[in-house]
Amino acid sequence: MHFGVLGSGIIGLTTALELQEQFPSAKVSIIADRFNEDTVSYVAAGIFRPGTSFMGPTQEITHQWMTDAFNYWDELRRSKEAPLAGVCQLSGYIYSRTSPTIVRNHFIEKLLPVYRRATEEELKLCQGGWKYGSFFTTCLTESRLFLPYATSKFLKNGGQVVRQHVTNFFDVPQNFDVLVNCTGMGAKELCNDQHLVPIRGQVLKVRAPWIKTAFYGDYDTYVLPGFETVTLGGCRQFDSYNTEWCKYDSMAIKERCYDLLPSLKKAEIVRECVGLRPHRAIVRVEPELLTNAVGRRLKVVHNYGHGGYGVTTAPGTAKYAVKIVREMLAGNSKL
């Protein structure tokens, strides 16, 4: 058996590792033209906190993705490889002045080890006159560490990496038994998918080792401590293809985050990052049988459209995608 995975971001890497896990005697190749720091995954803060509007094909499947993903990250966090993989435990607060529903999250209230209402005293930890709040404990995955860790593990398992830009599924270098499409925004052109839109994000990475807790506020404001830096964000600009750093977004992020935690004013800014999140109203994880003009057939499993929650949900959708691969090989997939 020979499987191909298109894309080397966090979706592609977790899918490739899951294929190696489920088909230990198979050959797995990753085909991509961008790796590590050139992927959108590299920019992500990586906290396990899915958006409440995140949606797979059904509610039941979506909840399964969340459960599988959290269990994967939490198991890795408990292992001796956690520092290498960049996975740790993190607690934080979600604040709002607008509505109590904003600080609730139906996906993780029962999944995380701790998810409770913030006390009156806790609402005053950050300035801003917060009316509503939740406290939670979750996992954080530092993509800057996880991507090279996962790539190294993939190669040690006998995986191959092919550097190639693919504009047509039939241009892939070999005949694969199944090809898994994890191309993120690249799928817009590759699949001619008009449902896939970019949501532009911009963050600042600052050196603030005294920040040990995550904080969320209104207007997409967040402060997320990582292994070496703290991520300050953010923005969600729908249907924007601008990959250039914007000084006005940076000013707005700093103002909101400094208002939340004034001590951040003395933090050194290490870098500023921009990424286009591949958003799809319904995340696409499904099979497709393609046939080209000369009658060549290709089995494809799509796994893309995670928006800003790729790191959060990657292991869950990877497990589901590989289940579809198995069904395709057995002839049981609903094509």
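Remember, predicted model here, so these are calculated numbers, not experimental data. Just so you know, residue 1 is the first one in the sequence shown, and it goes up from there.
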Task: CA sep, side-chain torsions, deciding dist, call: T167, D171, side-chain contact (heavy atoms from CB on, under 4.5 Å) - done: CA-CA 7 Å; T167 55; D171 288 343; 3.8 Å; yes
TODO: Quick one: sort the H306 and F54 rings into parallel, tilted or perpendicular, breaks at 30° and 60°.
DONE: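 Rings of H306 and F54: tilted, as their planes differ by 30° to 60°.
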Open item on the list: Against F135, only a single residue in V114, V103, L125 fulfils side chain to side chain contact (heavy atoms under 4.5 Å, CB included); can you say which?
Closed with: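 So the option named by the test is V114.
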With a 3.5 Å distance limit and no angle check, can you tell me whether [X] reaches the backbone of [Y] through a side-chain donor-acceptor pair?
X: T229; Y: V206; answer: no
X: S96; Y: T98; answer: yes
X: S250; Y: C246; answer: no
X: K110; Y: F107; answer: no
X: T291; Y: G295; answer: no
X: N157; Y: G159; answer: no

Mind checking the [atom1]-[atom2] spacing from [X] to [Y]? Nearest 0.5 Å is all I need.
X: L204; Y: K254; atom1: CG; atom2: NZ; answer: 6.0 Å
X: H106; Y: T62; atom1: NE2; atom2: OG1; answer: 8.0 Å
X: L179; Y: K299; atom1: CG; atom2: NZ; answer: 13.0 Å
X: L13; Y: S152; atom1: CG; atom2: OG; answer: 11.0 Å
X: K319; Y: T67; atom1: NZ; atom2: OG1; answer: 10.0 Å
X: L145; Y: L84; atom1: CG; atom2: CG; answer: 8.5 Å

Output all residues satisfying side chain to side chain donor-acceptor pair (under 3.5 Å) with [X], sequence neighbours left out; order by chain, then residue number.
X: R97; answer: none
X: N292; answer: none
X: Y93; answer: E122

Heavy-atom check, side chain of [X] versus side chain of [Y], under 4.5 Å:
X: E286; Y: P57; answer: no
X: L111; Y: F48; answer: yes
X: P315; Y: D68; answer: no
X: Q64; Y: Q59; answer: no
X: V166; Y: I31; answer: yes
X: S8; Y: L147; answer: no

Between [X] and [Y], which heavy-atom pair has the shortest distance, and what is it?
X: L90; Y: P225; result: CD1-CG, 3.7 Å
X: P83; Y: F227; result: O-CE2, 4.1 Å
X: V162; Y: F35; result: O-CZ, 4.4 Å
X: Y115; Y: L112; result: CD1-CD1, 4.0 Å
X: Y309; Y: T313; result: O-OG1, 2.7 Å
X: A85; Y: T141; result: O-CG2, 4.5 Å

Does [X] belong to the same Ile/Leu/Val/Met/Phe/Trp/Tyr cluster as [Y], with side-chain heavy atoms less than 4.5 Å apart forming each link?
X: I11; Y: I61; result: yes
X: L123; Y: Y216; result: no
X: W210; Y: Y258; result: yes
X: V197; Y: M55; result: no
X: V223; Y: I94; result: no

Task: Candidate pair D218 and Y95, rule side-chain contact (heavy atoms from CB on, under 4.5 Å), full reasoning - done: CA-CA 7 Å; D218 291 327; Y95 293 133; over 6 Å; no
Would you tell me whether [X] and [Y] have side-chain atoms, one donor and one acceptor, within less than 3.5 Å of each other?
X: N303; Y: T15; value: yes
X: N242; Y: S240; value: no
X: E18; Y: Q22; value: yes
X: H2; Y: D177; value: no

Give a yes or no on this: more than 12 heavy atoms of other residues, nucleotides or ligands lie within 6.0 Å of atom [atom1] of [X].
X: R117; atom1: CZ; value: no
X: Y219; atom1: OH; value: no
X: R296; atom1: CZ; value: yes

Using the salt bridge (Lys or Arg N to Asp or Glu O under 4.0 Å) rule, collect all pairs that involve [range], keeping only residues at least two apart or in two chains.
range: residues 180-198; answer: D193-R280
range: residues 178-187; answer: none
range: residues 226-248; answer: R144-E228, D220-R236
range: residues 255-273; answer: R207-E268

TODO: Could I get the full list of ring pair (Phe, Tyr, Trp, His ring centres under 6.0 Å) partners for F23, not counting sequence neighbours?
DONE: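 Checked F23 against ring pair (Phe, Tyr, Trp, His ring centres under 6.0 Å); matches are F3.
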Open item on the list: Go through it in stages, so that I can follow the logic: the residues are T52 and N105, the test is side-chain hydrogen bond (donor to acceptor under 3.5 Å, both in side chains), and I'd like the CA-CA distance, side-chain angles, deciding distance and then a yes or no.
Closed with: CA-CA 6 Å; T52 53; N105 191 312; 5.9 Å; no
Could you give all pairs that pass the side chain to side chain donor-acceptor pair (under 3.5 Å) test and reach [range], with sequence neighbours left out?
range: residues 39-50; value: none
range: residues 195-204; value: R200-Q202, R200-Q237, R200-D249
range: residues 69-78; value: D74-R77, D74-R78
range: residues 127-139; value: S91-T137

Open item on the list: Working note: R104 + E109, criterion side-chain contact (heavy atoms from CB on, under 4.5 Å); need CA distance, chi angles, decisive distance, verdict.
Closed with: CA-CA 8 Å; R104 300 286 302 272; E109 284 182 347; 2.4 Å; yes
Task: Check ion pair E327-K323 (N to O, under 4.0 angstrom) - done: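 K323 and E327: salt-bridged.
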